[in-house]
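Data first, discussion second: the structure below is written as structure tokens.
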Amino acid sequence: MYVGNLPPELTENELRQEFAPFGEVISVTIMNDKYIGSGQMRGYGFVEMALKSEAKAAIGNLTKKTIRGRVINVVEALPLSRRGLLHGRRVSNFGKRGRPRTCQLQEGLNGETKKKSAKGSERGQEGSRQ
């Protein structure tokens, strides 16, 4: 399950205790910025329970519950696919502008190497600017 709007000082153990009355809690992960060095909490996490019926009971009872002054949101999380994951982190297949970035090098008739983008435009690789 995805749990959103968590207070920054909440620990994984405290979150586990909130879900325990509804069934066996398999795992609790609160996301933080450890990848960029700050270690600050991101405000969301994931809880995995043994049975789907237990998870549904937790969702029904904990959604809109106030924990330390914050109203949390609990929803069923979508399963992660193997595609798009790299070392446990999600990786986008899109460039900075939100579209696929692909290019191929092609050799022209005169031997000049050209770069062809996904849109089909070509430009020389030899760096001749005018």
Side-chain angles (χ1 to χ4, degrees):
M1 291 168 283
Y2 167 86
V3 186
N5 201 32
L6 296 172
E9 64 278 354
L10 189 72
T11 66
E12 288 181 354
N13 191 38
E14 291 170 324
L15 188 57
R16 179 182 297 272
Q17 290 173 0
E18 293 290 334
F19 282 82
F22 305 101
E24 182 186 354
V25 178
I26 302 294
S27 68
V28 176
T29 305
I30 295 178
M31 305 306 288
N32 64 33
D33 279 339
K34 68 182 176 182
Y35 296 108
I36 62 171
S38 71
Q40 288 184 321
M41 173 138 136
R42 298 288 303 180
Y44 69 95
F46 297 95
V47 176
E48 183 181 5
M49 299 190 78
L51 300 174
K52 193 166 190 140
S53 60
E54 296 171 346
K56 287 186 182 222
I59 290 170
N61 287 290
L62 295 176
T63 297
K64 305 292 184 203
K65 180 177 180 176
T66 302
I67 299 177
R68 295 190 186 172
R70 289 208 179 183
V71 178
I72 65 168
N73 185 28
V74 184
V75 296
E76 187 175 344
L78 299 174
L80 291 176
S81 66
R82 291 217 177 268
R83 188 174 170 200
L85 288 178
L86 178 64
H87 303 291
R89 294 185 299 187
R90 238 180 172 2
V91 177
S92 174
N93 293 330
F94 295 97
K96 291 180 183 175
R97 294 188 185 128
R99 61 180 176 228
R101 294 289 177 134
T102 59
C103 68
Q104 301 171 349
L105 291 177
Q106 293 186 341
E107 192 170 314
L109 293 175
N110 60 359
E112 181 184 358
T113 303
K114 293 188 176 194
K115 203 177 215 181
K116 186 173 183 179
S117 71
K119 287 185 173 181
S121 62
E122 295 181 356
R123 67 174 195 235
Q125 280 291 95
E126 296 183 13
S128 59
R129 288 190 176 177
Q130 296 171 352

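One-based numbering along the sequence shown.
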key: All side chain to side chain donor-acceptor pair (under 3.5 Å) counterparts of Lys64, not counting sequence neighbours   = none
request  = Could you pull out all residues at least two apart from Glu54 that satisfy side chain to side chain donor-acceptor pair (under 3.5 Å)?
outcome  = none
message = Which heavy atom of Ala58 sits nearest to which heavy atom of Met49, and what is that distance?
response = CB-SD, 3.9 Å
request  = Heavy atoms only: give me the nearest Ile59-Thr63 pair and the separation to one decimal.
outcome  = O-OG1, 2.7 Å
Any donor-acceptor pair under 3.5 Å from Thr29 side chain to Gly45 backbone = no
inquiry  = I'd like to know if the side chain of Glu48 reaches the main chain of Ser27, judged simply by a donor and an acceptor atom lying under 3.5 Å from each other, with no hydrogens or angles considered.
reply    = no
If you look only at distance, which donor and acceptor atoms sit under 3.5 Å apart when one is on a side chain in residues 1-11 and the other is two or more places apart or in another chain?
residue, atom, partner, partner atom, Å
Asn5, ND2, Val71, O, 2.8
Thr11, OG1, Glu14, N, 3.1
Thr11, OG1, Glu14, OE1, 3.3

inquiry  = Using the rule given for side-chain contact (heavy atoms from CB on, under 4.5 Å), can you reason through Phe22 versus Asn61, listing the C-alpha separation, both sets of side-chain angles and the distance that settles it, and then say yes or no?
reply    = CA-CA 9 Å; Phe22 305 101; Asn61 287 290; 3.3 Å; yes
Gap between atom CD of Glu18 and atom CG of Leu62 - 0.5 Å precision = 6.5 Å
